[in-house]
There are 2 protein chains.
Amino acid sequence: MSGYSKSTVSRAISGNGYVSEDAKKKILRLANELDYVTNAIAQDLAKGTNHQIGLVLPHVKHPFFKQILEGVLEKSFDTHFKIVILPSNYDEALEIKYLEQFRKKAFEAMIFTSTQVSEERLMTYQKYGPLVLCHKPAHADIPAIYTERRLGYEAAFAWMKMQGVKSIGFLFARAKSPTTSVTISAYEKIFGQKVRKEQMLTGAISDEDGYALAPEVGQFDGIFANSDNIAAGLWLWYEERGLKKPLIVGQEKLLAGQLLNLPTVDNHYMELGQEAFQLAISKEVKQVSIDSNFYPSRPTT
Amino acid sequence: MSGYSKSTVSRAISGNGYVSEDAKKKILRLANELDYVTNAIAQDLAKGTNHQIGLVLPHVKHPFFKQILEGVLEKSFDTHFKIVILPSNYDEALEIKYLEQFRKKAFEAMIFTSTQVSEERLMTYQKYGPLVLCHKPAHADIPAIYTERRLGYEAAFAWMKMQGVKSIGFLFARAKSPTTSVTISAYEKIFGQKVRKEQMLTGAISDEDGYALAPEVGQFDGIFANSDNIAAGLWLWYEERGLKKPLIVGQEKLLAGQLLNLPTVDNHYMELGQEAFQLAISKEVKQVSIDSNFYPSRPTT
DNA sequence: TTGAAAGCGCTACCAA
DNA sequence: TTGGTAGCGCTTTCAA
């Protein structure tokens, strides 16, 4: 420092408080010469905040997570908040690690696109800041934004039934998840029968998985896949072998589904991401739902 | 604090330095009761680092950026580094803002997937830490990892020529970019003629853009698109109208291209992301290139 | 084995 | 308009 005191320099550089024009000029010129800048971490410490939001994602291979990410980034764009990606790989221990960092003020808010950790445990961290979920919570006092998929799914199953489908196979990412429960319950309502274990295939995350699982769905005349990409992977397997395809329904209204004219359920996940970000910075404790829509395949000309 | 001094407590909690078993137990028990945890920002300040890497992305709509992101996240997973997403929207002023934050120690390293800012300017920030580029720089002393696309592109054009294509239209994201230059030069080498302005269509980022640009490519019998998704969007437009399609070549070996059996150039962008991360934390100043590969369409059965 | 004290680099209040 | 001083909440060295 040459000339003025710490405080004056701070004021000159940050622009908070009175500094004479003269002093300001001198200080800024010198700072420039000395290549001096303030330290962001120290500023954060002094201000007690870092304007970072942690976004927990198991991975970014499934459209659900990609689209949420896209929505979150879009909305964060015109704010001073930064998004820190926290890859969780569906690992509870990792989620807890991130929650502990949150507790240590590493982030101002957190968005969970998926949780392994129990809701009760999650709630014990709410006192440290906004914590928003991307699926429907059991408790009312935890902020959440989710797609109400029941109606979309029911419409899809009703349509499949109408098309004469007798036996449906499901492609899921995991055996237990919010997705599986709502899918199963919608199916049981429309078809009036319990889902059997054999109907549920898991491990479907990207299109390759759909392709890989294709050999195991021979006994079904209808397939409900957890994304259009996975549906397309399955389609490709049949196509390559010239086999008769089951009736395949996808999700998310993605390009691949459109190309193949597959019926699909649009769950509006990008919008979900946008809202999740807003909710995280609003500090409101509310739950918002978005309805999904079913789109049958276009009539073939 | 009840009983011991600041230092002893710090040692007990962080696990650095000698603390008697007795003291440690008491301190940890009390910390637990009082719900006390260390402050991450203060720790960062004291340690002088925050283990964050800034990843500059114009957006995440194009496969190039999506795949780099995926690669970066994958590699960051087993390190203590966190990825902070910095959306730039191809805006130079924003890039500079991020560089200034970097200078203020907001990140330990930065990865630029795209730059508007000049290389010279970028280089003035190298003294603040590793700065890695995802395209081939003009200068040798800036770390970079990029796909050497020349050979893949030349193979693609040679193949198109062999198929009898006379007039090629190009779909680009922007009019000026590393992509446009290498594409143009590969084309000119193979076809032995200059690219005319009319051949270049811009604004192609996602499949919708390919669809939207389709009406403007009627005069070409060959299309070189900047991703399979964009190629597929274009394909869809023709398909819906039952028109004869030009020979369409895509890039990235994506699902959509596979479904339509489009020839494609694989630029290995996910691998690029992985290497970019490694380069960022290695602090080495080296330039690494990955070769792209051309895949003609499969022979139709 | 523990504690005092200096430092990390800033902000912000209060006098002067 | 400026400077002194007290935080922000930790880590780390050096004595004791």
Side-chain angles (χ1 to χ4, degrees), chain A residues 1-52 80 82 97 99-108 125 127-129, chain B residues 1-52 54 80 82 97 99-109 125 127-129:
Chain A
M1 179 182 17
S2 343
Y4 295 89
S5 76
K6 233 167 86 163
S7 352
T8 309
V9 172
S10 173
R11 269 180 254 122
I13 290 181
S14 70
N16 296 354
Y18 300 118
V19 184
S20 67
E21 273 308 306
D22 204 43
K24 193 165 181 175
K25 257 183 204 157
K26 281 185 193 159
I27 290 172
L28 291 182
R29 197 170 44 71
L30 195 65
N32 197 36
E33 274 173 28
L34 269 63
D35 191 26
Y36 169 84
V37 277
T38 53
N39 179 300
I41 303 177
Q43 276 179 321
D44 284 345
L45 176 61
K47 297 218 172 126
T49 174
N50 62 4
H51 292 305
Q52 296 196 146
H80 54 279
K82 291 210 186 65
K97 193 182 112 190
L99 282 167
E100 283 298 317
Q101 293 178 175
F102 176 54
R103 191 174 159 211
K104 294 177 67 173
K105 307 267 178 255
F107 328 110
E108 284 190 39
Y125 287 89
K127 55 172 172 282
Y128 308 113
Chain B
M1 178 182 17
S2 340
Y4 295 89
S5 76
K6 235 167 86 163
S7 355
T8 309
V9 172
S10 172
R11 271 180 250 124
I13 289 180
S14 70
N16 297 355
Y18 299 117
V19 183
S20 68
E21 273 308 306
D22 205 40
K24 192 164 181 175
K25 256 182 204 156
K26 280 183 192 159
I27 291 172
L28 291 182
R29 197 169 46 70
L30 196 64
N32 197 37
E33 274 173 28
L34 271 62
D35 190 27
Y36 169 84
V37 276
T38 53
N39 179 301
I41 304 177
Q43 275 179 322
D44 284 346
L45 176 61
K47 297 217 171 122
T49 175
N50 62 5
H51 292 305
Q52 296 197 146
H80 54 280
K82 291 208 187 66
K97 193 182 114 189
L99 282 167
E100 282 298 316
Q101 293 177 175
F102 176 54
R103 190 173 159 215
K104 294 177 67 174
K105 307 264 178 264
F107 329 110
E108 284 191 39
Y125 286 90
K127 56 172 171 281
Y128 308 112

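Side-chain atoms are counted along with the backbone in the values below, which use heavy atoms only and exclude waters and symmetry mates. Order of the sequence lines sets the chain letters (A, B, ...), proteins ahead of strands, with each chain counted from 1.
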Checklist entry - Should A:Lys24 and A:Glu21 count as an ion pair when the cut-off is N to O under 4.0 Å? => result no

Checklist entry - Does a side-chain N-to-carboxylate-O contact under 4.0 Å join B:Glu100 and B:Lys97? => result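 B:Lys97 and B:Glu100: not salt-bridged.
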
Next on the checklist: Can you work out whether B:Glu21 or B:Ala46 has the more 5'-proximal nearest nucleotide on DNA chain C?
Outcome noted: B:Glu21

Item to check | Residue whose nearest DNA chain C nucleotide is more 5′ - B:Ala42 or A:Ser14 | outcome: B:Ala42

How long is the line joining [atom1] of [X] and [atom2] of [N], in whole Å?
X	N	atom1	atom2	result
A:Gln43	D:dG9	CD	P	17 Å
B:Arg11	D:dT12	CZ	C1'	9 Å
A:Lys25	D:dT2	NZ	P	13 Å
B:Lys104	C:dC10	NZ	P	9 Å
B:Asn16	D:dC10	CG	P	14 Å
B:Lys6	C:dG7	NZ	P	13 Å
B:Asp44	D:dC8	CG	P	18 Å
B:Lys105	C:dC8	NZ	P	14 Å

Could you grab the distance from atom [atom1] of [X] to atom [atom2] of [Y], nearest 0.5 Å is fine?
X	Y	atom1	atom2	value
B:Asp44	A:Leu45	CG	CG	9.5 Å
B:Asn39	A:Arg103	CG	CZ	12.5 Å
B:Asp35	B:Glu33	CG	CD	11.0 Å

Checklist entry - So what does B:Thr38 hit on the nucleic acid, given a heavy-atom distance under 4.0 Å: a base, only sugar-phosphate, or nothing? => result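 The answer is sugar-phosphate, as B:Thr38 gets under 4.0 Å only of primed atoms, P, OP1 or OP2.
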
Next on the checklist: Could you check whether the side chain of A:Ser7 and the base of D:dG4 have a donor-acceptor pair of N or O atoms closer than 3.5 Å, going by distance alone?
Outcome noted: yes

Using a cut-off of less than 4.0 Å, is there contact between a side-chain N or O of [X] and OP1 or OP2 of [N]?
X	N	value
A:Thr8	D:dT2	no
A:Tyr18	C:dC13	no
B:Ser5	C:dA4	no

Item to check | Donor-acceptor contact below 3.5 Å, side chain A:Gln52 vs main chain A:Lys82 | outcome: no

Checklist entry - Quantified as the angle between the terminal helix axes (five pairs each), what is the overall bend of the helix from C:dT1-D:dA16 to C:dA16-D:dT1 to 10 degrees? => result 40°

Next on the checklist: Students often mix this up, so state it plainly: with edges at 30° and 60°, are the rings of B:Phe107 and B:Phe102 parallel, tilted or perpendicular?
Outcome noted: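 Judged by the thresholds at 30° and 60°, the geometry between B:Phe107 and B:Phe102 is parallel.
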
